[in-house]
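The structure under discussion appears below in the form of structure tokens.
The chains referred to below are lettered A, B, ... by the order of the sequence lines, with proteins before strands, and numbering in each begins at 1. Just so you know, these numbers come straight off a predicted model, no measurement behind them.
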Amino acid sequence: MSRETVISVEGLSKKYILGQNKAGSGGLRHAVEDLVKAPVRWVRGEGKKAPQGPNEFWAVKDVSFSIKRGEVVGIIGRNGAGKSTLLKMLSRITEPTEGRIGIKGRIASLLEVGTGFHPELTGRENISLNGAILGMTQAEIRKKFDEIVQFAEVAKFLDTPVKHYSSGMYVRLAFAVAAHLEPEILVVDEVLAVGDAQFQQKCLGKMQEVSTQQGRTVLFVSHAMHSVKALCTTGILLDQGRIELRGPITEVVAAYSGHAPRRGDPSTLASNRSLGLSLVNASLHQTEKLGTLIVRAKFQLDRPISEAGIGVHIETTAGFELCYLRPETTGLRFGQRSGELQVEFELTSLSERLGAGTYFLGLSFHETNWKCCLDRTPVGEFVVPSLDFYGTGYPPKFEKDGAVVLPVRLIQVG
Amino acid sequence: MSSAASHSVLTSESAQDFDLWIEAGHTEKHYWRDLWRYRELLFILAWRDVAVRYKQTVAGAAWALVQPLVSILIMTVIFGKAAGLPSLGAAPYAIMVCAAMLPWQFFSNAVSTASQSLVNNANMISKVYFPRLIVPASSIFVSLVDFMISLAILAGLMTWYQFWPTWRIITLPLFIALAIFAALGPGLLITALSVRYRDFRFIIPFIVQFGMFVSPVGYSSELIRQKFGEGWLLVYSLNPLVGVIEGFRWAIIGGDARFFSLGTCLSLVVAAVFFVVGISYFRKTERSFADIV
């Protein structure tokens, strides 16, 4: 297989002007005003409007890299690191402000599953619609139709409007269509984080098949370090719009997972600008009581939120997700809030459930309907102290016994 | 394993090696080829809009007929009977109104649905690449389907009044193409403007309402000439719809309708200007749609 360069990114940058979408500032009145004032400015010899410094925000700044044919690249980084913006530029959805991208071959992007799905249409109809939106021809769709239906496991409901589908079926069908795209370069954003565990595994398998057996070039963004490690050969670590590390995937994941949380840093840990929400700071405190961890976090909400909750994400130092405690499951939630929000909660009996060792903790913020507004943001690491759980004098340790501690008792020996 | 440093070093490939360059302010070389490649999407989006529109309605597709039919009746009663305006030659007033109402309804539906099409499909725009022109074009195609259905009204009225068309009816497809051409310009222009300035959502209904009265829909443009003279008729013909509607009347009514006149030419020139301005403005702004929609 020739290892020629199929993607070449050179000095790529993307600038957003903050607050542009707010009512008034970018509206028709301003445009008309601008148009009327233009001759005056021209006479005075002033150029276009002076650039507004403080409102500028560089989502991606001066990023350069190249990708070879058949390479499977994981793009990782914290929220707001510029991953999605980078993918959007690669997929031609948004235009770069500076720099350029060279692409060789057909590129397809999958930034969301089920783009363009219409609830009133049946499963069969949505396959055609979604396929066409993703760039498949109807002939291709007809050819793959049976395969798609089989993969999605929805054969019985093919002629039912998808509004009657369960969310699992919906996601399965949506992924199935996307999985049967056959571009030379595939760009995928976080779409595996949907559906149940079994289906996620199936998706992962399909992705592996696409990349290894069919030799396609894949760019993959995910927060799930275990899938990134399983799929990718090399990685790119982004931080605040710049490349922090480009190299073999193990090194990149290690660099990301070991990313020390900035304790007491005055700037925010993560923010979702479009939703007006940021995680200002978070700290972990181990208490006197063995295996209890107190988490304190401060959020800043720029708008009132009617129902909110916090998700807790725990992973191993290698980046394997142990659990993701969602607010609708745990009840870690509260009613209407706005402005500054301080949250304190505790995790108990850690030593009875986890092997002694170091783990990473991340927080997420969910809004009404448990939509995730701030995805798993790493906030720090904690140490699970050793506990002689089995009473054998050998407390379970993470390195030897694994992450999970399970009670086991001898019943009979024959 | 290669080191991180060697990966970030740029390989100096020459520009010709890549099929596609994405950069700021770069007009796509393959734009029209891409548009052709995505032609199926145009029809599928149109099909989606048609398939979804009449779901959970009792009358279903009959709604495509009701709206123009009622408008024609009202126009005929008010302008023809109450105001006593003259028809064109021997044609019954209702048929004269119908010949204009159908292209007008097509135009106004096309412009108003196209203008909201990108905003309504914002989710798609921000997640997938395809030539953005596909979205408003598919809206216009849907309006064309409605138009084709509403031709049944014309056939019905002609049968009712026993008014038979001349050979000119075979030129009708030409004027339908002209109507599409005239709708594309303002349609694309307003679509592109609506993405940034949502004000157009409120401006459009006003334009549509106003437009019907400054176009020869409820009356013939002959009336303008008789009441205001040739000079004002030319000013009146700055409305691109005048040429289209005159063409429809010429093809459908025959005998007394005029098509080949200075006014009609002027009106078609205005339509062509709109077409060029619409497409170029759309292409100029479409690259930033995903950022502002």
Are side-chain heavy atoms of A:I103 and B:D19 found at a separation under 4.5 Å? no
Heavy-atom cut-off 4.5 Å, strictly under: side chain, backbone, both or neither for B:R39 against chain A? neither
For A:V6, which atoms come within 4.5 Å of any heavy atom of chain B: side chain, backbone, both, or neither? backbone
Inter-residue atom distance B:L41.CG - A:L129.CG, 0.5 Å rounding: 8.0 Å
Search all heavy atoms of B:R37 against all heavy atoms of A:G135 and return the closest pair with its distance. NH1-O, 4.4 Å
At their closest point, which heavy atom of B:I44 faces which heavy atom of A:S128, and how far apart are they? CD1-O, 4.1 Å
Using 0.5 Å steps for rounding, measure from the OG1 atom of A:T85 to the CG atom of B:D291. 9.0 Å
What part of B:R132 is in contact with chain A, defined as an atom under 4.5 angstrom from a non-hydrogen atom: side chain, backbone, both or neither? side chain
Flag the one option from B:A290, B:S126, B:A51 with the top tally of heavy-atom pairs under 4.5 Å to chain A. B:S126
Applying the side chain to side chain contact (heavy atoms under 4.5 Å, CB included) test to A:T115, which of B:I125, B:V128, B:N121 qualifies? B:V128
For B:E40, does its backbone N or O pair with a side-chain atom of A:Q138 as donor and acceptor, under 3.5 Å? no
If you compare all heavy atoms of A:R100 against all heavy atoms of B:W21, which two are closest, and at what distance to 0.1 Å? NE-CZ3, 3.4 Å
Is any side-chain heavy atom of A:I101 closer than 4.5 Å to a side-chain heavy atom of B:F18? no
Measuring heavy-atom distances to chain B, does A:I236 have an atom under 4.5 Å in its side chain, in its backbone, in both, or in neither? neither
Does A:K143 have more than 12 heavy atoms from other residues, nucleotides or ligands lying within 6.0 Å of its NZ? no
State the CD1-CD1 distance between A:I107 and B:I22, to the nearest 0.5 angstrom. 6.5 Å
Does any heavy atom of chain B fall under 4.5 Å from the side chain of A:L90, the backbone, both, or neither of them? backbone
Which atoms of B:L193 are under 4.5 Å from chain A, going by heavy atoms: the side chain, the backbone, both sets, or neither? neither
Interface residue of largest heavy-atom contact number with chain A, from B:R48, B:M124, B:K127, under 4.5 Å: B:K127
Sort A:T137 into side chain, backbone, both or neither according to what part of it lies under 4.5 angstrom from a heavy atom of chain B. both
Chain B interface, residue from A:M89, A:E125, A:K88, A:E98 that has the most non-hydrogen pairs under 4.5 Å: A:E125
